[in-house]
Amino acid sequence: MSDKYQLILKRYWGYDDFRGIQREIIESIGAGHDTLGLMPTGGGKSITFQVPALAQEGVCVVITPLIALMKDQVHHLRQLDIQAAAIYSGMTHEQVLRILENCILGSSKILYVSPERLGSSLFQTKLRHMQVSFITVDEAHCISQWGYDFRPSYLEIANIREICPEAPVLALTATATPKVVEDIQDKLSRESSIPSMTSPTSLTSKTSFNVFRMSFERKNLAYLVHYAADKHFELIRLLQESGGSAIVYVRSRLHAREIAEHLTEAGLSATFYHAGLDHADKDRRQRDWQHDAVRIMVATNAFGMGIDKPDVRQVIHYDCPDSLEAYFQEAGRAGRDGQPARAILLFNGNDNGKLTKRIDDTFPPREYIKEVYEHLAYYYQIATGDGYGVSHEFNIEEFCQRFRHFPIRVYSALQILQRAGYIEYDEEADHQARVRFLVGRDDLYRLEQVSPEEERVIVALLRNYGGLFADYGYIDEGMLAQQAGLSQPQTYDILKALSMRHLVSFIPRKQVPYIRYMQRREDQEHIQLPREIYEDRLEQYRLRIQSMLRYAQSSDRCRSRMLLEYFGEETSTNCGQCDVCLSEQGRLVTPEGQQDARQRILALLADRQRHHITELFRLQLPTEELDAALAFLIKEEKIRQDDGFIQLV
């Protein structure tokens, strides 16, 4: 017999029933219980709050740091005729006010909010007048200082609970160790005790939370570590040997561009993505990849959160992540359609030193952090005792050149100063697009040689924004695109074209880092960095690095079991498909196969000329045998490798 939740699921999403632990989470939050759901990437988290939100009176407030995700979900919900809205950085005061007033009037069922907005007096004032059904905390691990992705803005959620004491909380995460699970509950718990539900998947909690855990095991996903002396060569070979959509994760923005260019030169369809691209460029690259116009996305960790592409066949980590939490979440973007997929970590001897160095880069000495704070004051000419509440644009390259710092260490110092409460560092402060008409209204109507698409954009501007003939007005490119019946990149290109023809003045949206002083400037010697801000987090980071290295260097334990045990899930069964399991089954490298591979490589190089490493593809050797043979010959100094070329010694 169908119940109200199942009817909602069928009506709006067309599914006959729920998956995994979705129903248990929905029933728990629907009954008014604080609830924590632990679900792997692709487990269907959004259904667990969207369905109960429609079943209850009032508005569900969803707190998420993923602006791309909230925009995408609002768009899809509106297509389903579900009232939803989002508030995030870069919106005007009038836009935010209108959305909040609509929520008070009951015109929205789901309100997405970025955590940075929670502390604003406007939001908190309006929240007091809303009927809030429940509060959803997405990416809940961000509230834990023990987590790999702690965000101080999440601590504002405690204040929101005080404003809405009757509203239960639904916390959701895809990556949380047992210690983080406990900390999430402590940070989000309310004093009143609510009896726990009984369920075979409900875990006992010392707080009032009902905790539901979905197995993190991904039976269709093979976890592989490839020991590659030449990662560039190995990456090209992996992508040439196996088809389908792929993500390649790298550490830096520069590396993302370089690797994408190398792949393109090798005849592969690739693009790149990182946080430094403008919004239109990000949207265009993401859309091309999602619609298979481009096969391979080379990206930093800025890509992937909230991206729901089910048919990714490979996720390859070119650079080693600094935590198993980050690796597991990014690797989990492969095979979300349930079909066989691979998560491959490329690793070699250099990675050990690189990861160890990240500890010093991420937690520079205390005196260095204080020095950066002092240099900030010189940079902005702020005297001791001044500066409280003042915001400034921050150009990290200029700052580093002036004071002879390295950007990586400065960035880390700013993060620590932010956690200590001295500054707020917003590296992606959003400045909304602005438009002003440069011709009069009558001249606009008499224009010739205007394409139908340009006309639709002009009409949408006139209908939705007033005063654009007198002064600049802030515009929402997404809403404008929707009104004009175009995509956002198309709308952006049309506005640029109209600007080139001097019909409008268009100032595109941009992201500019900002630093805001959260208290008056202190003298350097008075800066306090508490143990929980520095030493404790340094130790946590060191342990995460060690766990990552143990995973990468292990050759006798099933990869899947190692990951599951790290997240507190015990299993006695090996996966049978990771590189360790395959090696134990004798399905990887045999002595005979490796000897044959060595002889064929030496035969290719017998002319003693330099050969590009991609020529080894012609040998058509199995990947594992070629890797092992190449590593052996280099180690034994039979051949040498230099800048993508190999030759006999």
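Please read these numbers as outputs of a predicted model, since none were measured by experiment.
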Taking every non-hydrogen atom, the tightest pair across Ile25 and Gly37 = CD1-CA, 3.8 Å

The residue among His226, Gln553, His317 that forms side-chain contact (heavy atoms from CB on, under 4.5 Å) with Phe347 is Gln553

Do the charged groups of Glu139 and Lys45 touch, with an N to O distance under 4.0 Å?
-> yes

To the nearest 0.5 Å, tell me how far Arg253 CZ sits from Thr300 OG1.
-> 7.0 Å

Distance col, row Leu414:CG vs Ile515:CD1, nearest 0.5 angstrom, shows 5.0 Å

Considering all heavy atoms of both residues, which atom of Phe272 and which atom of Arg285 are nearest to each other, and what is their separation?
-> O-CD, 2.9 Å

For the pair Ser120 (side chain) and Phe123 (backbone), establish whether a donor and an acceptor sit closer than 3.5 Å, ignoring hydrogens and angles.
-> yes

In plain terms, say whether Asp360 and Arg358 are close enough for a salt bridge, that is, a side-chain N and a carboxylate O under 4.0 Å apart.
-> no

Verify the neighbour count for atom CD1 of Ile82: are there more than 12 heavy atoms of other residues, nucleotides or ligands below 6.0 Å?
-> yes

Is the ring centre of His274 less than 6.0 Å from the ring centre of Phe303?
-> no

Between Asp311 and Arg313, is a salt bridge (charged side-chain N to carboxylate O under 4.0 Å, His left out) present by the stated rule, with each step listed?
-> CA-CA 6 Å; Asp311 60 345; Arg313 300 272 64 87; 5.8 Å; no

Step-by-step salt bridge (charged side-chain N to carboxylate O under 4.0 Å, His left out) determination, Asp322 to Arg251 = CA-CA 10 Å; Asp322 53 12; Arg251 182 74 178 168; 3.7 Å; yes

Close side-chain approach of Thr271 to Ile296, heavy-atom, < 4.5 Å | no

Phe506 six-ring centre to Arg434 NZ/CZ under 6.0 Å and within 45° of normal = no

Start with the C-alpha gap between Tyr566 and Arg544, add the side-chain angles, then the distance that decides, and say whether side chain to side chain contact (heavy atoms under 4.5 Å, CB included) holds.
-> CA-CA 10 Å; Tyr566 182 79; Arg544 286 198 290 272; 3.9 Å; yes

Ring centres under 6.0 angstrom apart (Phe394, Tyr514) | no

Are the side chain of Trp289 and the backbone of Ala246 linked by a donor-acceptor contact shorter than 3.5 Å?
-> yes

Report, as yes or no, whether the 6.0 Å neighbourhood of atom CZ on Arg257 holds more than 12 heavy atoms from other residues, nucleotides or ligands.
-> no

Heavy-atom distance under 4.5 Å between the side chains of Lys219 and Glu217, does that happen here?
-> yes

Do the side chain of Thr64 and the main chain of Asp138 share a donor and acceptor less than 3.5 angstrom apart?
-> no

So, do His255 and Tyr318 have ring centers that fall under 6.0 Å from each other?
-> yes

Find the distance between CG (Leu355) and CG (Leu549) and round it off to the nearest 0.5 Å.
-> 5.0 Å

Can you list the steps and then say if Ile369 with Leu417 is a side chain to side chain contact (heavy atoms under 4.5 Å, CB included)?
-> CA-CA 8 Å; Ile369 298 168; Leu417 288 167; 3.8 Å; yes

Nearest heavy-atom neighbours spanning Ser245 and Asp292 | CB-OD1, 4.5 Å

Under a 4.0 Å N-O cut-off, is there an ion pair linking Asp230 with Arg237?
-> no

When you look at Tyr425 and Gln415, which way does the side-chain hydrogen bond (donor to acceptor under 3.5 Å, both in side chains) test go after all the steps?
-> CA-CA 7 Å; Tyr425 177 43; Gln415 295 295 320; over 6 Å; no

Quiz item: cation-pi between Arg559 and Tyr551, 6.0 Å / 45° = yes

Could you check Asp183 against Lys179 for salt bridge (charged side-chain N to carboxylate O under 4.0 Å, His left out), going step by step and ending with a plain yes or no?
-> CA-CA 6 Å; Asp183 199 30; Lys179 191 169 187 177; over 6 Å; no

Note: Ala293 and Ser269 closest approach over all heavy atoms is O-OG, 3.9 Å

Looking only at atom types and distance, does a side-chain atom of Gln22 sit under 3.5 Å from a main-chain N or O of Ile47, one as donor and one as acceptor?
-> no

Taking Gln490 for the side chain and Ser487 for the main chain, is one N or O donor matched with an acceptor at less than 3.5 Å?
-> yes

Check: Leu172 and Leu36 side chains under 4.5 Å, non-hydrogen atoms = no

Over all atoms of both residues, closest heavy-atom pair of Leu263 and Ala270 | CB-CB, 3.9 Å

Under a 4.5 Å cut-off applied to non-hydrogen side-chain atoms, are Phe363 and Ile416 in contact?
-> yes

Keeping the roles fixed (side chain from Glu569, backbone from Phe216), state whether a donor-acceptor pair exists under 3.5 Å.
-> yes

Any side-chain heavy-atom pair of Lys71 and His75 under 4.5 Å = no

Are side-chain heavy atoms of Val62 and Met70 found at a separation under 4.5 Å?
-> no

Before giving the answer on salt bridge (charged side-chain N to carboxylate O under 4.0 Å, His left out), spell out for Asp493 and Arg284 the whole-Å C-alpha distance, their side-chain angles and the decisive distance to 0.1 Å.
-> CA-CA 11 Å; Asp493 291 339; Arg284 186 181 297 110; 3.4 Å; yes

Look only at the side chain of Lys231 and the backbone of Leu346, and say whether a donor-acceptor pair between them is shorter than 3.5 Å.
-> yes

Do the non-hydrogen side-chain atoms of Leu224 and Gln577 ever get within less than 4.5 Å of each other?
-> no

List the steps, then state whether side chain to side chain contact (heavy atoms under 4.5 Å, CB included) holds for Thr48 with Ile21.
-> CA-CA 9 Å; Thr48 64; Ile21 59 173; over 6 Å; no

Please step through side chain to side chain contact (heavy atoms under 4.5 Å, CB included) for the pair Leu170 and Ile135, ending with a clear verdict.
-> CA-CA 6 Å; Leu170 170 58; Ile135 299 166; over 6 Å; no

Contact summary for Pro321 and Glu330, nearest pair of heavy atoms = CG-OE1, 4.5 Å

Test item: Arg342 side-chain N/O and Ser242 main-chain N/O as donor-acceptor pair under 3.5 Å | no

Just by modelled atom types, is the Glu424 backbone N or O under 3.5 Å from a matching donor or acceptor in the Gln418 side chain?
-> no

Side-chain donor or acceptor of Asn348 paired with backbone N/O of Ala228 under 3.5 Å | yes

Does a side chain donor of either Arg550 or Ser547 reach within less than 3.5 Å of an acceptor in the other side chain?
-> yes

So how far is it from Leu564 CG to Cys575 SG, rounded to the nearest 0.5 Å?
-> 9.5 Å

Given the options Val180, Val137, Leu188, Ile143 meets side-chain contact (heavy atoms from CB on, under 4.5 Å) only with Leu188

Using a 4.5 Å cut-off on heavy atoms from C-beta on, say whether the side chain of Val580 contacts that of Cys558.
-> no

Rounded to the nearest 0.5 Å, what's the gap from NE2 on His141 to CG on Leu38? Could you check?
-> 11.5 Å

To the nearest 0.5 Å, what is the distance between OH (Tyr273) and CD (Gln286)?
-> 5.0 Å

